Amino acid sequence: MVGEMRDKETVSTGIEASLTGHLVFATLHTNSAPESISRLLDMGMDPFNFADALLGILAQRLAKRLCKDCKKPHIATAEEIKALLAEYAVELMTTETWKKDPNAAYKVLYAEWIKLFGDDKGQITLYEHVGCDKCSGTGYRGRVGLHELLIGSDPIKKGIQGHARVAELFAIALEEGMRTLKQDGIEKVLLGITDIHQVRSVCIK
């Protein structure tokens, strides 16, 4: 385990250890999982060795969790769902599926949301922060992690070896099923764990 990779020597040692059969865990400060690849390559790493060594990259942000004792439920309006869908789909617009037919892709995504987060009537419940004695009047208590997991798949490794830009790696990862930090956050909003204000505050994109 490496506390943080911030220089060429540390990164080189980690990659060499990985290539000789060791499982290496390390931290790195970047804005997203795909940007971590660019950051490491900018330190002078060989793209081919790095691609061979990569298993996955997990990005994480912490958002405030809604207080379970006072959060206020309400049935989401059509406008609220439409806004959440649009925000969720912003980054998906770079993928081939969404480029071909965005309207159909929206309908598929909405159907998935109803199936995963809706009730028997096809309605989705959202929650608002209120405030009580247990949360010191803030409406929030505790933290929840928002995650973005990039798997070192063959297309990703091919992109690394081909010196693909961050935007290209991002698009490949989304095609492979990666959920961005904001997308994971929106799903936690739909689950009633946090609210969209917290997700927006901790997600740069």
Side-chain angles (χ1 to χ4, degrees), residues 5 25-42 50-51 54-66 76 80-118 124 126-127 140 143-160 162-205:
M5 287 186 168
F25 292 91
T27 64
L28 189 69
H29 289 280
T30 58
N31 290 328
S32 68
E35 287 179 50
S36 300
I37 295 171
S38 177
R39 175 78 180 277
L40 290 168
L41 293 178
D42 286 345
F50 177 65
L54 178 65
L55 290 178
I57 301 172
L58 179 68
Q60 175 181 275
R61 299 271 172 80
L62 292 177
K64 292 179 182 178
R65 184 186 292 266
L66 287 169
E80 287 177 314
I81 295 298
K82 186 177 180 181
L84 287 174
L85 279 168
E87 201 161 350
Y88 190 97
V90 166
E91 290 148 330
L92 290 172
M93 292 297 182
T94 61
T95 64
E96 292 302 320
T97 302
W98 281 77
K99 284 179 181 178
K100 287 178 182 177
D101 194 343
N103 289 329
Y106 267 115
K107 290 178 181 177
V108 170
L109 178 58
Y110 177 68
E112 288 178 0
W113 280 13
I114 294 299
K115 182 178 179 181
L116 292 172
F117 310 113
I124 293 175
L126 299 179
Y127 293 83
Y140 302 100
R143 296 287 187 274
V144 60
L146 311 183
H147 302 100
E148 177 178 291
L149 179 61
L150 182 150
I151 301 295
S153 62
D154 288 340
I156 287 291
K157 292 185 177 187
K158 185 177 180 181
I160 294 171
H163 301 275
R165 294 174 297 140
V166 172
E168 294 173 302
L169 293 172
F170 201 80
I172 293 170
L174 288 172
E175 288 281 8
E176 294 278 295
M178 182 187 82
R179 283 198 305 272
T180 67
L181 289 163
K182 180 169 276 190
Q183 288 171 346
D184 188 49
I186 290 173
E187 290 186 7
K188 287 181 168 72
V189 170
L190 297 170
L191 287 168
I193 298 172
T194 187
D195 59 30
I196 192 61
H197 306 294
Q198 282 300 310
V199 173
R200 289 171 183 156
S201 69
V202 300
C203 294
I204 295 173
K205 295 183 180 180

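Given the structure is predicted, the values throughout are model-derived calculations rather than measurements.
Ionic pairing of Lys182 and Glu91 is not present here: no N-O contact between side-chain nitrogen and carboxylate oxygen is shorter than 4.0 angstrom. Ion pairing between a basic and an acidic side chain is recognised when a charged N comes within 4.0 Å of a carboxylate O; Lys188 and Asp184 show such pairing.
Between Thr180 and Ser32, the closest side-chain pair of non-hydrogen atoms is not below 4.5 Å. Looking at heavy atoms from C-beta onward, Leu126 lies in side-chain contact with Val189 at the 4.5 angstrom threshold. Taking 4.5 Å as the limit, every side-chain heavy atom of Ile151 sits out of range of all side-chain heavy atoms of Glu176. Side-chain contact between Asp195 and Tyr127: absent, with no pair of heavy atoms (C-beta onward) separated by less than 4.5 Å. Residues Val199 and Arg61 have side chains not in contact (no heavy-atom distance under 4.5 Å, counting atoms from C-beta outward). With contacts defined as side-chain heavy-atom distances shorter than 4.5 Å, the pair Val166/Ile37 does not qualify. Residues Tyr88 and Glu187 have side chains in contact (heavy-atom distance under 4.5 Å, counting atoms from C-beta outward). Leu85 places a side-chain heavy atom less than 4.5 Å from the side chain of Trp113.
Here the CD1-CE distance, from Ile57 to Met178, works out to 10.0 Å after rounding to the nearest 0.5 Å. Atoms CD1 and CD, from Ile196 and Glu87 in turn, are 4.5 Å apart once rounded to the nearest 0.5 Å. Rounding to the nearest 0.5 angstrom, the gap separating the CD1 atom in Ile114 from the CD1 atom in Ile124 is 4.0 Å. Atoms CZ and CZ, on Arg165 and Phe170 in that order, are 13.5 Å from each other to the nearest 0.5 Å. Here Glu148 contributes atom CD and Leu181 contributes atom CG; the two are 4.5 Å apart, rounded to the nearest 0.5 Å. To the nearest 0.5 Å, atoms CG (Leu92) and CD (Glu175) are separated by 9.0 Å.
For Asp42, the CG atom sits in a packed shell: over 12 heavy atoms of surrounding residues, nucleotides or ligands are nearer than 6.0 Å.
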